[in-house]
Amino acid sequence: MMTPVALHDLVQWMWQLVQDGPSSDQLTDDMLETALQRLQEILVTPTLALQAMKGSFLHRLCQCIEEHRSVPQALRLMLALLKSYPATSASTISRETRWVVLNGLDERHSLLSALFADLALFHDTYAADAAAGATPAVAASPVRPAASAAAGAASPAPPTPSLSTAGSTPGRSPGLGRTPSSSGARARPASLNRTPSARSPALARARSSMSAAGSGREPAGASMGLAQYLGMLQARFDFVAYVTSMSKAVVDASQVDAVWGLFVEDAKSPEERDLAFRWLSAACNAIGVQGVSPAFAPDATRTLFEHRLAGAANVDAGNGDSGGVDGEGESLAQAAASAEAVASRAAAVELIMQSDAGFECLRRLFLHANASSDKIKVVPQAQQARDTGTRSFRSALLMRGRGARADAPPPAPVDGFADYQVLDFDLTGLEIVWRVVVDAQSNAVARNAMGLLKQLLDRLAPDIAANVEQCVLALAVFARMCF
């Protein structure tokens with residue numbers, strides 16, 4: 001039996017061993033995996049000494065995420081620790097549950113904002129490698145140019161949306177790139193610009209500061225591959241989904257907007273874009289499942305339509321108040337900005353039409369936006385599994401050079417939009433669905449869009465359906481009179 005002090009020292013030593021740095025660089029992948037597994041087993045052991053240690057260790061893991069250090073290791077251990085708490089309080093009111101613990105972590109560390117800030121940095125690091133030609137088999141985005149090289153490059157990177165902003169609405173911009181807000185921007189430590197270790201694609205561990213001294217970046221051949229990047233991205237998205245499902249934290253409009261900008265419009269491969277589409281679809285789905293906390297703020301998807309997909313903002317070029325050359329120059333600038341916005345949003349819709357995952361994402365965003373605006377009434381569906389925490393966590397620690405380890409397929413999720421009623425036919429984003437019907441190159445995508453339109457008509461509320469029927473009859477009479 002180990003004393004509490006000895007147990008504390010053991011946990012500290014093992015955590016230092018598995019963190020990014022000289023110690024972990026000396027371990028093989030199998031040794032590192034074994035060390036992490038043993039540390040995880042120790043931390044979740046139900047003893048009084050470890051129960052007292054779990055809370056402080058969770059705070060340390062949150063600090064790692066805030067500082068972008070050893071994030072895959074921190075996510076894996078955090079998930080195991082959080083699952084060790086009871087889902088509900090069965091004995092006393094004061095007993096700690098996952099809900100209580102996660103809300104406490106989010107309030108103290110702004111956990112959700114820290115996770116999105118890390119997502120942004122992770123994307124930027126990979127984008128810089130792709131722009132430098134370090135990452136094979138990745139396609140440049142048709143919407144926005146790839147980011148410039150990391151710190152120290154000759155030309156600065158273009159502004160990208162900040163994933164760490166909270167509680168703010170994205171400002172209108174003629175382009176798709178937005179400058180990060182001052183409240184959400186986070187300075188990058190020099191160590192964060194290092195490329196991951198080529199020896200261990202399992203964790204994409206960064207080399208220690210001693211081995212990375214000088215340029216702060218590994219040679220191009222040491223960059224992570226696409227399969228590894230997608231696995232680590234999936235791990236981050238999965239953990240965000242876990243946090244929103246087990247706490248009151250929600251993804252706000254600015255964060256949804258930034259996810260779209262970074263991982264859809266600025267995606268470096270179709271696989272990355274489809275991964276983002278699937279995550280957005282699953283997050284929308286929570287609104288129609290009983291007992292599941294909403295993942296998005298009520299205005300998040302509606303704002304996404306307005307700023308990323310809908311037509312350009314109205315530009316009053318001829319108000320007559322501005323005279324002379326100054327007024328004419330301002331009008332021309334506004335017209336150019338409006339045209340650029342239209343082109344950018346048209347390109348974004350083109351991305352949606354390229355895959356089934358893209359249209360499924362559009363369908364769920366469309367239904368979620370209108371349900372949040374009370375234009376659609378969603379009938380919540382019963383869950384197949386009450387504990388959302390039992391869903392498999394596709395950790396980046398399972399990623400190898402050959403791809404992901406084969407896991408048992410998860411059960412089919414409940415469709416949160418299986419049953420709904422249309423209360424108002426002035427639906428947000430309806431014109432985008434029509435455009436997919438007309439312009440989609442894929443017959444399957446076009447058929448799915450037509451199926452959604454038919455479903456909307458079939459599910460009209462009785463009073464709306466009566467008005468539509470009257471309009472159709474009037475149009476028929478008018479047609480007979482004219483022809």
Side-chain angles (χ1 to χ4, degrees), residues 20 64-65 68-76 78-79 111-131 134-141 144 146-147 150 160-164 192-197 200-206 223-244 251 255-283 295 351 355 357-358 361 391-405 407 410:
D20 296 341
C64 286
I65 296 172
H68 312 286
R69 294 186 295 104
S70 308
V71 173
Q73 300 96 309
L75 294 181
R76 171 170 174 168
M78 277 192 72
L79 187 76
L111 179 58
L112 197 59
S113 294
L115 288 166
F116 277 101
D118 180 72
L119 269 169
L121 179 58
F122 183 62
H123 171 274
D124 290 349
T125 302
Y126 183 76
D129 290 342
T135 305
V138 289
S141 169
R144 289 163 50 186
T160 54
S162 171
L163 284 165
S164 60
L192 296 180
N193 292 323
R194 294 193 296 269
T195 24
S197 167
S200 177
L203 285 172
R205 301 191 299 272
S223 301
M224 72 180 77
L226 177 61
Q228 177 194 354
Y229 170 73
L230 294 177
M232 298 183 71
L233 180 59
Q234 180 75 66
R236 286 165 164 83
F237 276 146
D238 281 353
F239 195 82
V240 170
Y242 183 81
V243 170
T244 57
V251 181
Q255 290 165 341
V256 174
D257 180 83
V259 166
W260 186 273
L262 290 172
F263 299 103
V264 174
E265 293 175 355
D266 197 28
K268 296 300 175 285
S269 68
E271 293 85 357
E272 178 184 6
R273 185 175 296 116
D274 283 351
L275 192 154
F277 281 147
R278 288 191 294 269
W279 181 79
L280 289 166
S281 297
L351 296 177
S355 68
C361 179
R391 181 170 54 86
S392 62
F393 177 65
R394 291 188 56 189
S395 171
L397 298 170
L398 299 180
M399 296 303 298
R400 303 300 183 202
R402 297 181 299 274
R405 181 181 300 171
D407 294 327

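Just the heavy atoms: all of them, side chains too, but no hydrogens, waters or symmetry mates, feed the values below. Source: prediction; values computed, not measured.
- Side chains of Trp260 and Leu280 form a contact here, defined as non-hydrogen atoms less than 4.5 Å apart.
- Among residues two or more places apart in sequence or in another chain, the side chain to side chain contact (heavy atoms under 4.5 Å, CB included) test is passed with Ala276 by Phe263, Val264.
- Considering all non-hydrogen atoms of both residues, Met232 and Pro72 come closest at CE-CG, 3.5 Å.
- Between Phe239 and Met78 there is a side-chain heavy-atom pair separated by less than 4.5 Å.
- Residues Asp238 and Leu75 have side chains not in contact (no heavy-atom distance under 4.5 Å, counting atoms from C-beta outward).
- Atom CG of Asp129 and atom OG1 of Thr125 lie 7.5 Å apart (nearest 0.5 Å).
- Using a 4.5 Å heavy-atom cutoff, the side chains of Leu262 and Leu119 are not in contact.
- Nearest heavy-atom pair, Trp279 versus Ala241, reported as atom, atom and distance to 0.1 Å: NE1-CB, 4.1 Å.
- Across all their heavy atoms, Val259 and Phe116 have their closest contact at CG2-CE2, 3.6 Å.
- In this structure, the side-chain hydrogen bond (donor to acceptor under 3.5 Å, both in side chains) partners of Ser355, at least two apart in sequence or on a different chain, are Asp274.
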As a quick check of understanding, evaluate side chain to side chain contact (heavy atoms under 4.5 Å, CB included) for Asp266 and His123, giving each step before the final call. CA-CA 9 Å; Asp266 197 28; His123 171 274; 3.1 Å; yes
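- When every heavy atom of Gln255 is checked against every heavy atom of Ser113, the shortest pair comes out as NE2-OG, 3.8 Å.
- In this structure, CD1 in Ile65 is found 5.0 Å from CG in Leu115, a value given to the nearest 0.5 Å.
- Scanning all heavy atoms of the two residues, the minimum distance from Ala74 to Cys64 falls at CB-CB, 4.2 Å.
- Using a cutoff of 4.0 Å between basic side-chain nitrogens and carboxylate oxygens, Arg69 and Asp20 are not scored as salt-bridged.
- Here the CZ-CG distance, from Arg273 to Leu351, works out to 4.5 Å after rounding to the nearest 0.5 Å.
- Inter-residue side-chain proximity for Asp118 and Arg236 is flagged as met; some heavy-atom pair is nearer than 4.5 Å.
- Of the possible polar contacts, one joining the Glu272 side chain to the Lys268 backbone as a donor-acceptor pair under 3.5 Å is found.
- For the pair Cys361/Arg278, no side-chain contact is recorded, criterion being any heavy-atom separation below 4.5 Å from C-beta on.
- Aromatic ring pairs are classed by plane angle as parallel below 30°, tilted from 30° to 60° and perpendicular above 60°; the pair Tyr229 and Tyr126 is parallel.
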